[in-house]
Amino acid sequence: MDHIDIKDLLWMYRAMKKSRYFEERIEKAYLEGKQPIFNIGAGAIPGEMHLSNGQEPSAAGIIVHLTNNDTVTATHRPHHEAIAKGVDLKKMAAEIYGKKTGLSKGKGGHMHLFDPNVKFSCGGIVGAGIPHAVGAALANKKKETTDIAVAFIGEGAANSGAFHESLNLAALWNLPFILVVEDNSWGISVAQKASTSIPSNDLRASSYGIKGYLVNDNDPIEMYKVSKEAVARARKGKGPSIIEIKTYRFLGHFQGDPELYRNKEEVPSLRAKDPINRLKEYLLKEDLSTTEEIKTLENEIYTEVDSAFEFAIQSEYPKPEEALEDVFY
Amino acid sequence: MDHIDIKDLLWMYRAMKKSRYFEERIEKAYLEGKQPIFNIGAGAIPGEMHLSNGQEPSAAGIIVHLTNNDTVTATHRPHHEAIAKGVDLKKMAAEIYGKKTGLSKGKGGHMHLFDPNVKFSCGGIVGAGIPHAVGAALANKKKETTDIAVAFIGEGAANSGAFHESLNLAALWNLPFILVVEDNSWGISVAQKASTSIPSNDLRASSYGIKGYLVNDNDPIEMYKVSKEAVARARKGKGPSIIEIKTYRFLGHFQGDPELYRNKEEVPSLRAKDPINRLKEYLLKEDLSTTEEIKTLENEIYTEVDSAFEFAIQSEYPKPEEALEDVFY
Amino acid sequence: METTKDKIKKLTGSKAMIQALDQEMDRDDSIFVMGEDVGKYGGIFGSTTGLFDKYGGERIMDTPISETGFIGAAVGAAAEGLRPIVELMFVDFHGVVMDQIYNHIAKIPYMSGGNVKLPIVLLTAVGGGYSDAAQHSQTLYASFGHLPGLKVVAPTFPNDIKGMLIAAIRDDNPVIFMFHKTLQGLGWMDQIDASLGPVPEETYTIPLNKANVVKTGKDVTIVGVQMMTVKALEAAKELTDLGIDAEVIDLRSIKPIDKETILKSVEKTGRLVVVDEDYYSYGITAEISAIVASEGFHHLKAPVVRIATPDVPIPYSRVMEKFVIPDVKDIVDTVKNMLIV
Amino acid sequence: METTKDKIKKLTGSKAMIQALDQEMDRDDSIFVMGEDVGKYGGIFGSTTGLFDKYGGERIMDTPISETGFIGAAVGAAAEGLRPIVELMFVDFHGVVMDQIYNHIAKIPYMSGGNVKLPIVLLTAVGGGYSDAAQHSQTLYASFGHLPGLKVVAPTFPNDIKGMLIAAIRDDNPVIFMFHKTLQGLGWMDQIDASLGPVPEETYTIPLNKANVVKTGKDVTIVGVQMMTVKALEAAKELTDLGIDAEVIDLRSIKPIDKETILKSVEKTGRLVVVDEDYYSYGITAEISAIVASEGFHHLKAPVVRIATPDVPIPYSRVMEKFVIPDVKDIVDTVKNMLIV
Ligand SMILES: Cc1ncc(C[n+]2csc(CCOP(=O)(O)OP(=O)(O)O)c2C)c(N)n1
Ligand SMILES: Cc1ncc(C[n+]2csc(CCOP(=O)(O)OP(=O)(O)O)c2C)c(N)n1
Ligand SMILES: [Mg+2]
Ligand SMILES: [Mg+2]
């Protein structure tokens, strides 16, 4: 078990499972008030909802190597990274419910989660978070810390101009920066092959003279290993990397997606390889954990997530006129 | 003399020399009315002026392989390409003088030259012409012609988002598209090494699964050969290429550039390797032409360019209120 | 335009768009559509549903998320004689491609002295009201209206959507065609009456530079566009009960603005209220108020009134979003204040 | 602010900028500058000349031509507690980076509920008048003023340039700082008197939300910004000879607009002329006219008058460019028409 810390794997399992359970609750809550007729603007949680079920390894596998002082920027599909990064779960749930107690007092919503305490942010514009992380990495370098910055994007975003400009800058200035590309095969309804002229984005590392890594088949342990190296290199001033992980999108692009563009068999076959189950089986098979221990851990998760939802549901809405605050002229 | 057509080399010599002489006249005319005190807005030719002296091989070496139906998009430094592509010289000169008889009736100026007859355009926004050429290539493919599209950019522009998005599109759709990167070592005052994380942009071809070619030392004949292959591939539906040529910028970024950022010896050493002289010497040494023939050719050029300037100078200015025409609501 | 009853069907905004695209694509092979998820998905807001099946991937082209790339490519394709229709999925994303839109698509016809025509239609979805927050809820009418070289239209009703889209496609100039999500009549959003309306089956065009008086009245002129037109009409109904007879103008065209229709109305009513879902400062309420204050000044009996989304990003939480986007009540109260003192 | 005569020197706009940057960078290590050619070159329009020699490449950073990359990087750096100053060489290039500017820099403070502060200053050169044509001559004041979350300032005189730049740097909110090329007093452009003026050597701030009455008068209020303020002042001089006493207001701040100063002036004069180098529709002339038509209506003795660059791209040829950009004569004639009938 070369270079793998058991504690890390358990940490990953916890992060992945927490994200999954959190999203399972969101999935249900999102439909409240949207039935029998689905109306995106109705219910307890209105607006778009992008869930990451299946994509947990990419977040957990690298964030396990990070500290609170490392920066993470994420996308419109941010929950798995937010949770792994340690974003305040109660405030995050409250934000998604549009409550005053939310991370942003209800102004942000699920696509715009900001927790400066753990240096996490995300946003709704594809590709736009990459330069933000590059800027954080630049600040880290200027301050001569060993902190790093990691940007997460989807494979679709890797064809945006921001990808190229950011990577060139990060490489040119030799910044402690890592780009994680989650290739979940789809950018909404557009298949990877229909958006990207090459099979994977680690190959694009050579355009910047940096390191490229590929993790196949959504493998949490491979993601862990590869990330460990990339993070160590970044911390040591050895420059940026791209890590692409081939991951799975269990659900539609957003909740309510009719998914007419993909084969009906795709999801069941992905679900059969659920990375959370795979990690659990690995932990048990290799005697790194016990059914007991995992049960306990899972129960802790359920309690924590449930109480975050409880907090969110019980919290008050902002006053309408608070809409005018937080822009300063 | 494998695969080199003598006529082509003479054509190239003519195009290069014509561009050089045209720009020498511009260089002088630009200063008229700007002395003793330089004022960018004064004189017969106001506004910015970007000259391409030294960079002629990149234009001539590929455009020799093109027809009037192939598209070229160029940059803020467009004269060498415009002239090689066969843009109407009189109207081009008149446009630069801001005359009514100009390509755009005086509305465009030297950075905005459009000659739809030979499918030439250029513009003042770095990187922006690349997608235009991709669009022309897409049209060519849709129409099932063998016409191709070539975009010219500087090495500075290769770090813009438009570069990445355009090349991915061109590769993905297998378009008849070639990107020529003129690395003249500088993006205004920023050296290639300070802008680009790798030594040359042909290396970036692998990010798109396309062909990359490098031409060293501003070599017109090498540019000719490499372009011949790239153009043939594009015409045959074998997909896009990037050609990077290491070229020379004899003058400042624009006229009036104090050039404090570069070593005083740089320009004389580049001028010693003037590609026009090198091509002439080659033609003579290899007995592909005679001093006579070249003299005649040069005289033709002088006459043609001089009469274009004469035309421009004699032409009338537009009426002020013509400013309101050509936008249609 | 001669139409007989049996040729007119009730369509949603989305269906009206699709019918316009379909009829025009059928007529003219040089038209094609590029955009994210316009293919099998049929457009996130139902702008192209069914067209992929009919016209195939060569003419209904899904693109990578490379707005500068593919919208910029429309320039080259149009210069080669094709007629590209490109979709920017949400107007909120314009910032990644604004250079191509305003420095190239808008200016090349002018910078070329009229020698290069760019018959490009840029479709884009606008509007809030369903808690999609700051980066997916804007209208940005004025961001486009301010910049020269673009025709910018924002029709409200299905009939106008079809006629103006056909006009936009046939226009040799670049046109920004904004469609409002809530007015598309999509099954998964708010259902409102205005999103369904009679649309002639034949092809027809509606000019890109004419406002439309959608309710005549004599006491006050209310100008709106898209959802604000809908709300102004509702407000006008409520005002009737109070004995106030409001005239409602559906702007339809953001650029150019049909001054004449507005000025004529204010000449009659003497009072102007402008309602805008876009931000307050430098927006539609500013432009129309200024037009009237300079060219219709002597007809004004009262100060002009501006109702718009205040100068803050659109907040996520429903209570706050409702507060910032102008509503029927805001209009009714304003007009009441103006007339009943 | 106590200043003694010997501490005041005449500086150009450019020198005033540099002095502000220098004094602030000296005071606060967390400030750094990123931009194209801001290093050895010293800024194409002289915004940073000499600072590279003093502060080195770590704090005066030349960047690749990657505006989305480096201006986007300002977000991350600011969130980490630094105070980035970024230069967008010409405002005309905003289209390649508008998403970062308006969807992120402007909105993150709000979208984070005030938890993320972004003290970023974006410097950008504006203005035409020297035949740099359609893609290098714009001011685009309203393009930024329309969008929420940004303070947008455009000072005219060296004294204001310094004081407002220092205020912008110290502000915890994002500020767009527009400097006009012709007002930089550069050796290679038109030399105009207004580009040289007295500037106190010590550090001082001037508020980012206050217009300035630069000439008092009683007959008409003329509002301008940057070159239009300069031209309005010249026009006012000519008008004096005709017995017309114009009040001239230098707007200075595009967002927020100092309504009070304008309304107070119109209350006195009863007449409003707004002059703008930016495009006509949805521009400054619209916003200010609308403010007065709604909040100062009863003081208006005459229709408001708008003078602005018409809705066409800026043409290259000098004769045409001169025609589109408002000039002293346009202002004088307008005011004459308004008052002498
Ligand atoms: C600039 C921009 N263009 C388009 C969109 C609309 N959009 C949101 S998510 C998405 C697909 C993203 O695909 P990918 O990057 O692979 O991420 P995934 O959704 O698969 O996680 C698109 C097109 C956007 N938000 N921003
Ligand atoms: C988007 C954009 N950013 C910046 C500029 C200003 N600018 C004009 S030319 C230039 C340098 C271009 O360098 P390169 O691409 O190498 O071309 P070269 O001038 O060397 O031919 C810059 C920064 C611009 N015109 N457009
Ligand atoms: Mg994806
Ligand atoms: Mg260069």
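Here the structure is a predicted model, which means the values were calculated and not measured.
Within the 4.5 Å cutoff, the side chain of Y102(D) has heavy atoms near those of the L140(C) side chain. Two residues are said to be in side-chain contact when any heavy atoms from C-beta on lie closer than 4.5 Å; P148(D) and Y280(C) fail this criterion. Side-chain contact between H298(D) and P303(C) is present, with heavy atoms from C-beta onward closer than 4.5 Å.
The contact between Q138(D) and chain C is made entirely by side chain atoms (from C-beta outward), counting heavy-atom distances below 4.5 Å. Of the two parts of A302(C), only the backbone, made up of N, CA, C and O, holds a non-hydrogen atom closer than 4.5 Å to a non-hydrogen atom of chain D. Contacts of L300(D) with chain C are made by both backbone and side-chain atoms, with heavy-atom separations under 4.5 Å. For chain C, no part of P310(D) is nearby; none of its heavy atoms comes within less than 4.5 Å. Proximity to chain C (any heavy atom under 4.5 Å) is shown, for T68(D), by neither the backbone nor the side chain. Using a 4.5 Å cut-off between heavy atoms, I257(C) contacts chain D through its side chain alone, with no backbone atom that close. With a 4.5 angstrom heavy-atom cutoff, T309(D) does not touch chain C via any of its atoms.
The CD1 atom of I291(D) sits 6.0 Å away from atom CZ of R306(C), with the distance rounded to the nearest 0.5 Å.
Most heavy-atom pairs under 4.5 Å with chain D: of the set T285(C), I288(C), I314(C), V96(C), this distinction falls to V96(C). Comparing Y282(D), Y141(D), Y316(D), F297(D) by heavy-atom pairs within less than 4.5 Å of chain C, the highest count is held by Y282(D).
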